[in-house]
Visitor: 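Below are the structure tokens for one structure; questions will follow.
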Amino acid sequence: MTSVSPEIRCEISQAGEYQKYEYLVYDIYGIGVIGYGVVYQNRDSAEIKVINVDRYHRGEGIGSSMLERIVEDHSEKNIQVKTFDSLIPWYQKFGFKVINSEPLLLMRASSII
């Protein structure tokens, strides 16, 4: 396990009416992707589509670092995510709240007052 914060690269592209943000964390050699996240953002909100960490690198804080970056990058928007029951406590640590149980939907409110 490592305690070093990973470098997170973000690539932004247009996907129809949305901006697509791809978050990538590479291995120590800069070759293999060990963390991947996708967020779609429109005028009003952002939706986390996926956050995934290579199984051999889980528990190193990579997913948490990616979610912190996502929250920072999209802090002016409401951020939504559809997820599994088992991940609710993890998202709640980052300020997300359950807003719907079928399908399971969590949201983090915009930081704009």
Visitor: Between the main-chain N or O of Glu76 and the side-chain N or O of Ser110, is there a donor-acceptor pair closer than 3.5 Å?
Guide: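 Checking the backbone N and O of Glu76 against the side chain of Ser110, a donor-acceptor pair under 3.5 Å is found.
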Visitor: Give a yes or no on whether the backbone of Tyr18 and the side-chain of Gln14 come within a donor-acceptor separation of less than 3.5 Å.
Guide: yes
Visitor: Do you reckon Tyr23 sits in the same ILVMFWY cluster as Ile12, going by side-chain contacts under 4.5 Å, direct or chained?
Guide: yes
Visitor: Should the pair Glu11-Arg9 be classified as a salt bridge under the 4.0 Å nitrogen-to-oxygen rule?
Guide: no
Visitor: What I'd like to find out is whether the side chain of Arg69 reaches to under 4.5 Å of the side chain of Cys10, using heavy atoms alone.
Guide: yes
Visitor: For Thr83 and Leu106, work out which heavy atoms get closest and say how close.
Guide: CG2-CD1, 3.4 Å
Visitor: Are Ile28 and Val53 connected in a single hydrophobic cluster, I mean Ile/Leu/Val/Met/Phe/Trp/Tyr linked by side-chain heavy atoms less than 4.5 Å apart?
Guide: no
Visitor: How far apart are the closest heavy atoms of Ser86 and Pro89, and which atoms are they?
Guide: O-CD, 3.7 Å
Visitor: Minimum heavy-atom separation for Phe84 to Leu104, with atom names?
Guide: C-CD2, 3.6 Å
Visitor: Is there a side-chain contact between Gln92 and Lys97 in this structure, where contact means two heavy atoms from C-beta onward sitting under 4.5 Å apart?
Guide: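 SC-SC contact between Gln92 and Lys97 ruled out.
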Visitor: Using a 4.5 Å cut-off on heavy atoms from C-beta on, say whether the side chain of Val39 contacts that of Lys49.
Guide: no
Visitor: Less than 4.5 Å apart, side chain to side chain, heavy atoms only: is that true for Lys20 and Val38?
Guide: yes
Visitor: Starting at OG of Ser45, measure out to NE2 of His74 and round the result to the nearest 0.5 Å.
Guide: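 Ser45 atom OG to His74 atom NE2 measures 11.0 Å (nearest 0.5 Å).
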Visitor: Short question: side chain of Arg108, backbone of Asn78 - any donor-acceptor pair under 3.5 Å?
Guide: no
Visitor: Please assess Asp54 against Arg58 for the test salt bridge (Lys or Arg N to Asp or Glu O under 4.0 Å), listing each intermediate value before the final yes or no.
Guide: CA-CA 6 Å; Asp54 179 272; Arg58 291 184 183 154; over 6 Å; no
Visitor: Heavy-atom distance under 4.5 Å between the side chains of Val81 and Tyr91, does that happen here?
Guide: yes
Visitor: In terms of hydrophobic clustering (I, L, V, M, F, W, Y; side-chain heavy atoms under 4.5 Å; direct or indirect links), are Ile48 and Phe94 co-clustered?
Guide: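 Both belong to a single hydrophobic cluster.
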Visitor: Quick one about Gln19 and Tyr40 (side-chain donor to acceptor, distance below 3.5 Å, no hydrogens or angles considered), yes or no?
Guide: no
Visitor: Determine whether Tyr26 and Ile31 make a side-chain contact, defined as any pair of heavy atoms from C-beta on separated by less than 4.5 Å.
Guide: no
Visitor: Picking from Asn52, Ile34, Ile51, what satisfies side chain to side chain contact (heavy atoms under 4.5 Å, CB included) with Ile62?
Guide: Ile34
Visitor: Would you say Val98 ends up clustered with Val71 if hydrophobic residues are merged whenever their side chains have heavy atoms under 4.5 Å apart, either directly or through other cluster members?
Guide: yes
Visitor: Where is the tightest heavy-atom contact between Met66 and Gly37, given as atom of each residue plus distance?
Guide: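 Shortest heavy-atom contact: CE-N, 4.0 Å.
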Visitor: Indicate yes or no: at least one non-hydrogen side-chain atom of Glu47 is less than 4.5 angstrom from one of Lys82.
Guide: yes
Visitor: Are Ile70 and Ile99 joined in one hydrophobic group, where the rule is that I, L, V, M, F, W and Y side chains link up if heavy atoms are under 4.5 Å apart?
Guide: no
Visitor: Is the closest side-chain heavy-atom distance between Tyr21 and Ser13 below 4.5 Å?
Guide: no
